[in-house]
Amino acid sequence: MRQLATDAGGLLSTRPEPGEWAVLGCLAHLVDAEIVMSSRYRWVLAEDQPAIQGYDQDFWVDNLHPDDEPADELLSTFGPLRAANLRLWQRSGEAERARVGLHSERGPESYDLMFRMIAGHDLVHLAQARDALAAARRR
């Protein structure tokens, strides 16, 4: 991951196509998603069927993250968040994992489902980041 910390030649900030995320946009989104999921996990565990607000990931990336945001800052934010969420998961039992929040777009979602969905979500956006990097190298 240290290799991502430096954007030599602007590869990490090069968008494959207009409106598509560069590698940095993908990393920024993973950070945003981890922040959002951190909150959702805790609401579901602490409250009875809390409302879970959806969000527009493109607005968050475009409005909260400059195109030249340092990758090392994104990674240093992501790591502790993910570690805290993993510790929370490890401390939870079957009853906690079955607790449900009411997502504004998808309906009822359990802590277990949300936690498992983020793993697949990560894989999708890591592949997207690899594709963006490959496209930037071809330019």
Side-chain angles (χ1 to χ4, degrees):
M1 286 212 206
R2 182 53 39 194
Q3 185 178 4
L4 290 178
T6 304
D7 190 6
L11 290 175
L12 300 182
S13 57
T14 299
R15 293 176 182 253
E17 297 291 333
E20 291 184 7
W21 291 339
V23 173
L24 288 174
C26 294
L27 289 176
H29 173 61
L30 289 174
V31 171
D32 290 342
E34 201 67 22
I35 290 168
V36 168
M37 296 310 291
S38 294
S39 298
R40 288 179 180 175
Y41 298 153
R42 285 155 179 81
W43 273 311
V44 167
L45 291 172
E47 300 180 15
D48 290 329
Q49 297 189 353
I52 300 172
Q53 179 63 43
Y55 70 104
D56 187 312
Q57 63 186 17
D58 293 311
F59 286 166
W60 282 49
V61 169
D62 291 344
N63 295 320
L64 299 176
H65 301 279
D67 286 340
D68 62 349
E69 187 168 13
D72 58 347
E73 288 181 16
L74 290 166
L75 294 170
S76 68
T77 301
F78 180 84
L81 286 169
R82 177 56 59 92
N85 289 332
L86 288 170
R87 284 191 303 274
L88 185 65
W89 174 262
Q90 291 165 345
R91 290 192 312 264
S92 69
E94 190 175 323
E96 289 88 8
R97 293 175 186 183
R99 291 182 60 85
V100 171
L102 303 174
H103 194 283
S104 63
E105 297 164 349
R106 296 187 297 263
E109 287 185 358
S110 69
Y111 174 45
D112 181 70
L113 176 62
M114 288 188 288
F115 195 84
R116 293 177 189 282
M117 283 186 347
I118 201 73
H121 172 267
D122 289 354
L123 294 175
V124 166
H125 290 294
L126 290 173
Q128 181 184 13
R130 281 191 297 275
D131 292 345
L133 183 59
R137 286 182 172 147
R138 287 192 296 271
R139 289 185 175 198

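Since this is a predicted model, take the numbers as computed values, not measurements. All values below were derived from every heavy atom in this structure, side-chain atoms included, with hydrogens, water molecules and symmetry-related copies excluded.
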For Ile118 and Tyr41, what are the C-alpha separation, side-chain angles and deciding distance, and is it a side chain to side chain contact (heavy atoms under 4.5 Å, CB included)?
CA-CA 11 Å; Ile118 201 73; Tyr41 298 153; 3.5 Å; yes
When rounded to the nearest 0.5 angstrom, what distance separates CZ in Arg116 from OG in Ser110?
9.0 Å
How close do Pro80 and Ser76 get, heavy atom to heavy atom, and via which atoms?
CD-O, 3.0 Å
Between CZ of Arg99 and CG of Asp112, what distance do you get to the nearest 0.5 Å?
14.0 Å
Grouping I, L, V, M, F, W and Y whenever their side-chain heavy atoms are under 4.5 Å apart, do Phe78 and Trp60 come out in a common cluster?
no
Restricting to non-hydrogen atoms, name the atom on His65 and the atom on Glu69 that form the minimum distance, rounded to 0.1 Å.
ND1-OE1, 2.6 Å
Has Glu73 got a side-chain atom pairing as donor or acceptor with Pro70's backbone, closer than 3.5 angstrom?
no
Exercise: identify the closest heavy-atom pair between Val61 and Asp32
N-OD2, 4.0 Å
Looking at CD1 of Ile35 and OH of Tyr55, how far apart are the two atoms once the value is rounded to the nearest 0.5 Å?
9.0 Å
Residue pairs, two or more places apart or on separate chains, that pass side-chain hydrogen bond (donor to acceptor under 3.5 Å, both in side chains) and touch residues 86-95
Ser92-Arg97
Would a 4.5 Å heavy-atom cut-off, applied to side chains only, mark Tyr111 and Leu88 as touching?
yes
Starting at CD of Gln128, measure out to CG of Asp131 and round the result to the nearest 0.5 Å.
8.0 Å
Step by step, would you call Thr14 with Val23 a side chain to side chain contact (heavy atoms under 4.5 Å, CB included)?
CA-CA 8 Å; Thr14 299; Val23 173; over 6 Å; no
In Å, rounded to the nearest 0.5 Å, how long is the span from OG of Ser39 to CD1 of Ile52?
11.0 Å
If two hydrophobic side chains count as joined below 4.5 Å and joins carry through other members, does Leu11 share a cluster with Trp21?
no
Whichever hydrophobic residues join Met117 through chains of side-chain contacts under 4.5 Å:
Leu113
If two hydrophobic side chains count as joined below 4.5 Å and joins carry through other members, does Val36 share a cluster with Trp43?
no
Pairwise distance CZ(Arg130) to NE2(His125) - rounded to 0.5 angstrom
12.5 Å
Above 12 or not: heavy atoms from other molecules or residues under 6.0 Å from CG of Asp48?
no
Return the minimal non-hydrogen interatomic distance between Asp67 and Leu24, and the atom names on each side.
O-CD1, 3.3 Å
Side chains of Asn85 and Ser38: is there a donor and an acceptor less than 3.5 Å apart?
yes
Which heavy-atom pair separates Met114 from Arg40 by the least distance, and what is that distance?
SD-CB, 4.1 Å
May I ask whether Leu81 and Leu86 are part of the same hydrophobic cluster, defined by side-chain heavy atoms of I, L, V, M, F, W, Y residues being less than 4.5 angstrom apart, directly or through others?
no
Who clusters with Leu102? Use side-chain heavy atoms, under 4.5 angstrom, across I, L, V, M, F, W and Y, and order the result by chain and number.
Val100
Nearest heavy-atom contact between Thr77 and Val31 is CG2-CG1, 3.7 Å
Distance-only polar pair, side chains of His29 and Asp58, donor-acceptor under 3.5 Å:
no
Does a side-chain heavy-atom distance below 4.5 Å link Arg42 with Leu45?
no
For a salt bridge (Lys or Arg N to Asp or Glu O under 4.0 Å) check, start with the C-alpha distance between Asp62 and Arg15, then their side-chain angles and the critical distance, and finish with the verdict.
CA-CA 12 Å; Asp62 291 344; Arg15 293 176 182 253; 3.7 Å; yes
